[in-house]
Amino acid sequence: LLLTMPWLGLLGFLLLRVRLPRSLPPVRPARAPLVSVVVPARNEAVNIEACVESLTRSTYPMFDVLVVDDRSDDGTGDLVRAMDRGRARRLEVIGGEALPSGWLGKPWACWQGARAAEGELILFTDADTVHGVDLLERAVAGLEDSGADLLTLSGRQLMGSFWERLVQPQIFFNMLLRFHDVERAAARGRWRSVIANGQFMLFRHEAYRELGGHEAVKGEVVEDLAFAQLVVRRGLSLAVRMAESSFSTRMYRSLGELVSGWSKNILLGGLQTMPPLLRPMVAPASAVAGAGLWLLPPVALAWSLLAPGGDALLVWSATTVWLSAAMWAMFTARMGAPAVYGLLYPLGAAVGMVIFLRAWIRGRRVEWKGRAYVVRPPAEVR
């Protein structure tokens, strides 16, 4: 019983301490200021039409859609230019300028879109998202209702392949452990424990300018996390809401994309939430904890079955594997994938460990969308 306490404690933490954000209000806003929607897009031909079509079908009365074609070579911009503006006041493609020194690609694309934005509110959303027709109305209502300067949403993660269903729950489970009550953390000013979702960030334009816009996070790989920390640290208001019925994202479509995508920010994001003195311990402590919790018990169970005689090892490993499988099955189902994938958690944990070790080995070297960077260490929020 004592040896199973880490797993029992983790289960208790999930049940007793984790608090998901509240849902967006299902109402229309009392007023409808102009919203400028900025979509940074680099080689997003596979996603961009579904994203833009969902945006232009919005029932919100006053909005523009600005797609920043960040020097794509797959026809992303041409696809958007051929689309109808739908209910949008305007649909515009902004040709991306050359990447300046000191900037990462996504912040630079967002900054270019922000410079062309005319709205009182400005929404940054990713090209791999799909928006319900009522989402913008509800988001504006949520921003007004909360009095927030930045409203960010957590939506549904679309997982179409075997590897997505296996690996995505691994990543989001660990994120949930770290950011287990974001609303309370934001309300209490605990800026290291807040996070925003770069897939949907709705700013009051005035607050965005006050923060310095994307120039303030131009060198941050996890720029959405940096923005959330900056908002709270500066004494502005952050609201986090759920919108699973109206907002969805398919981040990656293959094992290769999963490994490359999460490798670029999984460790740097974790470091960004820790005080500088603790950062050297984050990677080794995380690797030991992950291996001990999710890989050691199944290995021990296989060993005890192949080499009979260790009854205590068999009982302990079987118990911890059962507890782990139950947790992963429930969490995987909560994310919208078949619960049976949770039973394969050792394989998912092994892939997650490969991603983490790859990020650790690469350090500050980041590659994404055909660009390579050597990024600065995670900075204190200024």
Side-chain angles (χ1 to χ4, degrees), residues 6-7 9-11 13-15 17-18 20 128 154-180 182 195 197-199 221-222 224-225 244 248-273 282-302 320-362 368:
W7 290 264
L10 186 57
L11 181 59
F13 183 86
L14 290 171
L15 295 175
R17 296 297 304 277
V18 171
L20 295 177
D128 53 9
S154 176
R156 184 163 55 98
Q157 292 295 320
L158 302 178
M159 299 172 285
S161 69
F162 172 84
W163 292 109
E164 291 169 85
R165 294 167 182 167
L166 192 69
V167 176
Q168 289 290 67
Q170 294 281 334
I171 304 298
F172 282 91
F173 182 89
N174 287 291
M175 291 175 62
L176 185 64
L177 293 179
R178 178 63 185 89
F179 304 103
H180 58 274
V182 181
I195 191 172
N197 179 9
Q199 297 160 2
V221 175
V222 196
D224 47 4
L225 173 61
E244 292 178 302
S248 60
T249 310
R250 187 173 183 184
M251 296 177 65
Y252 308 117
R253 295 173 178 266
S254 67
L255 179 59
E257 287 187 8
L258 284 161
V259 172
S260 297
W262 284 119
S263 293
K264 78 180 187 299
N265 55 20
I266 189 170
L267 180 56
L268 291 172
L271 294 174
Q272 202 165 310
T273 70
V282 169
S286 299
V288 169
L293 284 170
W294 312 124
L295 299 178
L296 178 60
V299 170
L301 178 60
T320 53
V321 167
W322 180 83
L323 283 170
S324 300
M327 279 191 285
W328 283 111
M330 288 187 292
F331 187 75
T332 302
R334 176 64 183 80
M335 282 195 64
V340 67
Y341 281 86
L343 305 181
L344 301 174
Y345 82 89
L347 178 58
V351 176
M353 183 62 70
V354 168
I355 292 172
F356 185 83
L357 293 176
R358 184 175 186 266
W360 189 3
I361 292 168
R362 296 178 70 84
W368 187 241

Visitor: Rounded at 0.5 Å granularity, tell me how far CZ in F179 sits from OG in S154.
Guide: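 OG of S154 is found 12.5 Å from CZ of F179.
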Visitor: With sequence neighbours excluded, give me every salt bridge (Lys or Arg N to Asp or Glu O under 4.0 Å) pair touching residues 341-354.
Guide: none
Visitor: According to side chain to side chain contact (heavy atoms under 4.5 Å, CB included), who are the partners of A349, at least two apart in sequence or on a separate chain?
Guide: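 Listed in chain order: Q170, W294, L295.
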Visitor: Evaluate side-chain contact (heavy atoms from CB on, under 4.5 Å) for Y252 paired with V259, printing each intermediate quantity in order.
Guide: CA-CA 9 Å; Y252 308 117; V259 172; over 6 Å; no
Visitor: Tell me every residue that passes side-chain hydrogen bond (donor to acceptor under 3.5 Å, both in side chains) with S161, counting only those two or more places apart in sequence or in another chain.
Guide: E164
Visitor: Tell me, please, which residues at least two apart from S263 pass side-chain hydrogen bond (donor to acceptor under 3.5 Å, both in side chains).
Guide: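 Partners of S263 under the side-chain hydrogen bond (donor to acceptor under 3.5 Å, both in side chains) test: R358.
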Visitor: Can you sort out the partners of L14 under side chain to side chain contact (heavy atoms under 4.5 Å, CB included), two or more places apart, ordered by chain and number?
Guide: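 Residues passing side chain to side chain contact (heavy atoms under 4.5 Å, CB included) with L14: V18, F173, L177, M327.
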Visitor: Please tell me if the side chains of L347 and W163 come closer than 4.5 Å, counting only heavy atoms from C-beta onward.
Guide: yes
Visitor: What residues form a side-chain hydrogen bond (donor to acceptor under 3.5 Å, both in side chains) with N265, not counting sequence neighbours?
Guide: none
Visitor: Under the rule for ring pair (Phe, Tyr, Trp, His ring centres under 6.0 Å), what residues qualify as partners of F356, not counting sequence neighbours?
Guide: none
Visitor: In chain order, what residues pass the side chain to side chain contact (heavy atoms under 4.5 Å, CB included) check against W322, with sequence neighbours excluded?
Guide: none
Visitor: Checking T273 now: which residues fulfil side-chain hydrogen bond (donor to acceptor under 3.5 Å, both in side chains) with it, not counting sequence neighbours?
Guide: R178
Visitor: Check residues 329-337 and write down every donor-acceptor pair under 3.5 Å in which the side-chain atom is one partner and the other belongs to a residue at least two apart or another chain.
Guide:
residue, atom, partner, partner atom, Å
T332, OG1, W328, O, 2.7
R334, NH1, E244, OE1, 3.4
R334, NH1, E244, OE2, 2.9
R334, NH2, E244, OE1, 3.2

Visitor: Restricting to non-hydrogen atoms, name the atom on P338 and the atom on R165 that form the minimum distance, rounded to 0.1 Å.
Guide: CD-CD, 4.2 Å
Visitor: Enter the distance from L10:CG to L323:CG here, rounded to the nearest 0.5 Å.
Guide: 10.0 Å
Visitor: Can you give me the closest heavy-atom contact between P6 and L293, atom names plus distance?
Guide: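 Nearest heavy atoms, P6 then L293: CB-CD2, 4.3 Å.
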Visitor: Would you say that M159 contacts V167 through its side chain, given a criterion of any heavy-atom pair below 4.5 Å between the two side chains?
Guide: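 They are not in side-chain contact.
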Visitor: Between CG of L267 and CG of L357, what distance do you get to the nearest 0.5 Å?
Guide: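 Interatomic distance, L267 CG to L357 CG, rounded to 0.5 Å: 10.0 Å.
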Visitor: If you take all heavy atoms of L225 and G269, which pair is closest and at what distance?
Guide: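 So the two residues come closest at CD2-O, 3.4 Å.
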Visitor: Any idea which heavy atoms bring G198 and D224 closest together, and the distance?
Guide: N-OD2, 2.8 Å
Visitor: May I ask you to test the W360-S286 pair for a side-chain heavy-atom distance under 4.5 Å?
Guide: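 With C-beta onward as the side chain, the pair stays apart.
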Visitor: Tell me, please, which residues at least two apart from S248 pass side chain to side chain contact (heavy atoms under 4.5 Å, CB included).
Guide: V130, R156, L158
Visitor: Hey, what do you get for CG (L166) to CG (L344), rounding to the nearest 0.5 Å?
Guide: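 The CG atom of L166 sits 6.0 Å away from the CG atom of L344.
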Visitor: Report the distance from atom CD1 of I355 to atom CH2 of W262, rounding to the nearest 0.5 Å.
Guide: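 Going from the CD1 atom of I355 to the CH2 atom of W262 covers 9.0 Å.
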Visitor: Distance from N197 atom CG to Q199 atom CD, nearest 0.5 Å?
Guide: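 The distance works out to 4.0 Å.
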Visitor: Which heavy atom in G292 sits nearest to a heavy atom in W7, and how many Å separate them?
Guide: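 G292 and W7 have their closest heavy atoms at O-CZ2, 3.6 Å.
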Visitor: Using the salt bridge (Lys or Arg N to Asp or Glu O under 4.0 Å) rule, collect all pairs that involve residues 254-268, keeping only residues at least two apart or in two chains.
Guide: none
